[in-house]
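Just so you know, these numbers use all the heavy atoms, side chains as well, and skip hydrogens, waters and symmetry mates.
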Amino acid sequence: MKSCLGILLVFSTLVAVVSGGAFIWYLSSTAEFSRKNAPPSAAPKASVVTPKARPVR
């Protein structure tokens, strides 16, 4: 009886982990990130500032 319950617990945990990963993968592959109300020319331009490296002694 204990062996059967252990197998059911391990199997249900495995199913929950695999289905949770599949659900996250599905959501990440079908998500779209876009702004529908902003015109394309009004997108802000980001400036990237690279820090200067200091010599290591």
Side-chain angles (χ1 to χ4, degrees):
M1 185 68 181
K2 290 181 183 180
S3 175
C4 181
L5 291 177
I7 290 173
L8 288 176
L9 180 67
V10 169
F11 183 69
S12 62
T13 303
L14 181 67
V15 168
V17 168
V18 170
S19 63
F23 184 64
I24 290 173
W25 174 80
Y26 171 74
L27 289 179
S28 67
S29 66
T30 57
E32 293 183 11
F33 299 99
S34 62
R35 295 183 183 179
K36 295 181 180 179
N37 296 332
S41 63
K45 295 182 180 178
S47 61
V48 178
V49 178
T50 56
K52 294 184 178 181
R54 290 182 282 173
V56 179
R57 295 181 187 222

Ser29 OG to Ile24 CD1 distance, which is reported to the nearest 0.5 Å = 12.0 Å
Given a cutoff of under 4.5 Å between side-chain heavy atoms of I, L, V, M, F, W and Y, with clusters grown through shared members, what are the other residues clustered with Val15?
-> Phe11
Approximate separation, where rounding is to 0.5 Å, of Ser3 OG and Leu8 CG = 9.5 Å
